[in-house]
Every structure is written in C-alpha cells, then in structure tokens.
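What follows is one structure encoded as structure tokens, with my remarks underneath.
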Amino acid sequence: MSRFLKCFAVALLLGAGTVAMAQDNKEEQEHVYQITETLNVPHTPVDNQGSSGTCWCFAGIGFVEAEILRMYGKEFNLSEMFVVRNAWCEKVAKFVRMHGNSTLSQGGEVCDVLYMIDKYGMMPEEAYTGKVIGEERHMHSEMNEVINGVARAVIKNGNKKISPAYPKALQGVLDAYLGEAPEEFTVDGKKYTAKSFAEAYPIDPANYVEICSFTSEPYYQPYVVEIPDNWTWTPAYNMPLDELMGAVDYALQQGYTLGWAQDVSNPGFSRKEGVGIVPEDPKDEKLWKEIVAEKQVTDDIHQTAYDNWDAGDDHSMLVVGIAKDQNGNKYYKIKNSWGAAGPYEGYWYCSEQYLRQYTIFFTLHKDALSKSMKKSLNL
C-alpha cells in the first residue's frame, strides 16, 4: 500500500472514530436527567433474569448476596434457579391444598428467597445455573405451562384422592427444564451441601421484616398486603408514608440494601433515560425532553393508586443507594435484573416521589430500622 493510501486509510479511521465519539457525546447530551450518586451501599453485580418472570428471585438473591457481603465479608454469585425450583414445589403444594384457589404463577416476593434458603439451603451459580435446554438466557414460558398443567391435573382429583406421585412428577419437570440439583459442590476448596452452605453463612428470615404504607389499615401493625404475588401471605408492618421513606433513608445510610416490590408499568419509568419519576402531567409534551415537575405524592394519593391498580406489584428490584439530578432532586439507585440495559448498565434511578407513589413494600433487616421505629412497630 502506498504512503498516500496508508494516510488516507488512517484518516478514514480517525474520521470514523471522531464521528463515533461525536455520536456518543450526543447520546450523553440527549439524556435529560444528569444523575450524580451521593451514597452507594456495597452489593454484587447486576444479573439478568432473561425471559422469565423471576425478578423477585433475582432481587432477593441480590439482597442475600449484599447481606452476606455486609455480615461476612464474602462475595458470592448465588444460584437463583435453585431457589426458583424450590419455590415452585411450595407453590404447587399450596395450590393443591387450596383446591386451586391460590396464585400459581412464576411471580413472587423478595422474602420468598429468605424462606427457600432457610428450608432448602443455597448454592453458587456455577453449581446450578438452571440452563440445560440449550439457551443462553433463562426461558421459562414452556416450563411454566407444563408445571401449571401438572398442578391443574392434580386438583381435578380424578382418583377421588390426591396421589402421592405428583411431587415426583413435578420434580421430573423441574429436572428436565432446570437440570438436576447437585447433592454436593465445592466452594473455596471445601465441599458443601445446599444446607451446609447456607448454615456457613446464615440468613435467618426471623431477622428480616417487610414495611409498607397504606391508609386502609391501622398504622404500626402488621398487615398481609393483598397482592397476587404475595403467595406466602407474608405480613408487612404498616406506617405513614413519610416514616416509610425515612426508614428507607436510614437503612441505606447505615449500610443496608432493601428489597423493593413496586410497579414499573407506568409513563414515568423511562428505559431510555434510566430513571423513574411521577410527572405532574403524564401527557406533558416536555416529558423526557427536559426535567418536568413531579406530583407530590401524599398518603392518600398512594392509597388511591394502589386501589385503582395504578400502582401494582409487577416487578422487584434492589435499592442500593441515593443520588440527585442536576437540579438537586433526590433519587434512589436501583439495581435491576435486566442485564446491562439502559444508560446506567443495569441500574435505574428512581425519584423520591416515584418510591412514594409505586412502592408496595420493602424487605430489610430489622437492624436497618432505627430504635424509635422498632419501638413504634413493637419489634
């Protein structure tokens, strides 16, 4: 190649690089909300739930991983699918006991992870990935339908009594789609079972609580939040919305993460911006073109949104920090489970008003609550 052609080729490469840099800068400038972190609680990396409705488990495992990191100084990548398979066993058993009158879906709550670990143990991701059908991502639609078919066949009660064979049939389905769970595995050169591994880094469900805010129920009392995915009927401690938000701030400031059940199916949750807000006018033409005014969410507004199904429980994530935008407005750093998606590579920043509007409940360690809050809740 001649010197001229070499120089021309280099110029083209440099030009392409300049254009690419300009495009990257343009994309950065196109983000209306400029977020700056002010507090980040140590936690493990973002994961990906793939095509599965198991956000509750990814949030819950992220929560447990952060707790193990906080309490024991160990960082693990734990298996979500070991928890998922055990949760399916419990869900189907309850569905049969309830004659089919209970939720049977792949949904759940962060607290379910604590229960499953306590009963069945835990294991690292490398020991049990739950990916045996040749897919890189979790894909559960077919498995869910098969499990539902087994469960609904059982409650038809064609033999006039419930057969003891159905749990084996269910295990067969889970083995086929998720793989057989290993009896033993090795971590740091030591052999463990699922139970002994959990015992080495204990996470006692009795040390954790759920907190919520609903005007329909008495404050400072436990209340079973009426949402389909709360299939374990776990109660949450009810409190005024201002106190709930104060508890969130206090927990984060003390170095605790919080499992978060909430709603992302609303016009204020932008995947492009990577933020969640509660616009005063959801139809404002300036929305996502500039920072717009937010609704000031009161206790009554939050309750109305819940009662009208405007604030449901369609997703679970992990609250790991606090941030602010260029105008000083407060946000919370949220670890999601959609892989490195969005401008913040898997993290979202949700405004204070967003948490006030769309929170169903939080899961957190009891010690993450202040002494005065524990006293109010009789903990």
Side-chain angles (χ1 to χ4, degrees), residues 49 52-61 80-121 130 140-178 181 205-206 208-212 214 216-218 221-238 259 261-263 306-307 309 311-316 360-363:
Q49 69 186 76
S52 75
T54 57
C55 58
W56 59 273
C57 189
F58 280 80
I61 284 291
E80 287 85 9
M81 292 307 114
F82 183 66
V83 170
V84 167
R85 73 171 292 140
N86 292 321
W88 267 121
C89 294
E90 296 292 325
K91 288 178 186 178
V92 172
K94 176 171 277 191
F95 184 77
V96 172
R97 285 195 299 271
M98 294 288 293
H99 298 204
N101 294 309
S102 69
T103 299
L104 186 65
S105 73
Q106 55 187 322
E109 303 297 345
V110 167
C111 53
D112 300 350
V113 176
L114 304 178
Y115 302 145
M116 296 306 113
I117 289 176
D118 185 58
K119 184 171 182 177
Y120 296 96
H140 289 183
S141 292
E142 183 176 302
M143 179 184 74
N144 299 337
E145 292 296 331
V146 175
I147 290 172
N148 269 262
V150 169
R152 295 184 189 284
V154 172
I155 64 169
K156 284 184 178 179
N157 202 12
N159 294 339
K160 305 304 179 184
K161 65 178 182 179
I162 300 300
S163 167
Y166 92 81
K168 293 180 181 179
L170 177 58
Q171 289 293 334
V173 172
L174 294 167
D175 287 346
Y177 284 98
L178 300 179
Y208 296 86
V209 294
E210 281 65 48
I211 56 175
C212 65
F214 295 101
S216 59
E217 304 297 324
Q221 299 294 324
Y223 155 57
V224 177
V225 182
E226 301 140 327
I227 49 176
D229 282 346
N230 189 18
W231 64 277
T232 59
W233 306 329
T234 297
Y237 285 86
N238 195 32
Q262 87 300 132
D263 188 310
Y306 169 73
D307 289 339
W309 299 4
D313 174 34
D314 67 0
H315 197 39
S316 294
I360 299 300
F361 55 70
F362 294 101
T363 300

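Owing to the predicted nature of the structure, the values given are computational and were not obtained by experimental measurement.
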Between Leu174 and Cys89, is any pair of side-chain heavy atoms under 4.5 Å apart? yes

Tell me, do Asp314 and Asp229 make a side-chain contact under 4.5 Å, heavy atoms counted? no

Taking the side chain as every heavy atom from C-beta outward, state whether Thr54 and Trp56 have any pair of such atoms under 4.5 Å apart. yes

Apply side-chain contact (heavy atoms from CB on, under 4.5 Å) to the pair Thr363 and Glu210, showing each step before the final yes or no. CA-CA 4 Å; Thr363 300; Glu210 281 65 48; 3.0 Å; yes

Donor-acceptor pair, distance only, cut-off 3.5 Å: does the side chain of Asn238 make one with the backbone of Glu217? yes

Between Tyr166 and Val92, does the side-chain contact (heavy atoms from CB on, under 4.5 Å) criterion hold? Intermediate values first, please. CA-CA 10 Å; Tyr166 92 81; Val92 172; 3.7 Å; yes

Kindly determine whether Val110 and Phe361 satisfy side-chain contact (heavy atoms from CB on, under 4.5 Å), including the steps that lead there. CA-CA 10 Å; Val110 167; Phe361 55 70; over 6 Å; no

Atom pair CZ/SG of Arg85 and Cys57 - distance to nearest 0.5 Å: 13.0 Å

Distance-only, no hydrogens or angles: does the Asp112 side chain make a donor-acceptor pair with backbone N or O of Glu109 under 3.5 Å? yes

Nearest-0.5 Å distance that lies between atom CG in Leu178 and atom CD in Gln171: 10.5 Å

Contacts of Asn157 that satisfy side chain to side chain contact (heavy atoms under 4.5 Å, CB included) - sequence neighbours left out: Ile162

Distance (rounded to the nearest 0.5 Å) between Gln262 CD and Cys55 SG: 8.0 Å

Whether the side chain of Asn230 engages the backbone of Thr234 through a donor-acceptor N/O pair (distance < 3.5 Å, no angle test) should be reported. yes

Could you tell me the separation between the CE atom of Met143 and the CG atom of Asn148, rounded to the nearest 0.5 Å? 10.5 Å

Side chains of Ser216 and Tyr306: is there a donor and an acceptor less than 3.5 Å apart? no

Side chains of Gln106 and Asn144 only: does a donor on one sit below 3.5 Å from an acceptor on the other? yes

Using the side-chain contact (heavy atoms from CB on, under 4.5 Å) rule, take His140 and Tyr177 through it: C-alpha gap first, then chi angles, then the decisive distance, then the call. CA-CA 8 Å; His140 289 183; Tyr177 284 98; over 6 Å; no

Looking only at heavy atoms, the pair that brings Ala236 and Val225 closest together is CB-CG2, 4.0 Å

Decide yes or no for Ile61 and Phe82: does some side-chain heavy atom of the first lie under 4.5 Å from some side-chain heavy atom of the second? no

For a 4.5 angstrom cut-off between non-hydrogen side-chain atoms, does Trp88 reach Leu104? yes

Nearest heavy-atom neighbours spanning Cys212 and Tyr223: SG-CD2, 4.1 Å

The reported gap from CD in Glu145 to CZ in Arg152 (rounded to nearest 0.5 angstrom) is 9.0 Å

Can you list every pair that meets side chain to side chain donor-acceptor pair (under 3.5 Å) and has a residue in residues 90-104, with sequence neighbours left out? Glu90-Lys119, Glu90-Tyr120

For residues Phe95 and Ile155, report the shortest heavy-atom separation together with the two atoms involved. CE2-CD1, 3.6 Å

Search all heavy atoms of Leu114 against all heavy atoms of Pro205 and return the closest pair with its distance. O-CG, 3.6 Å

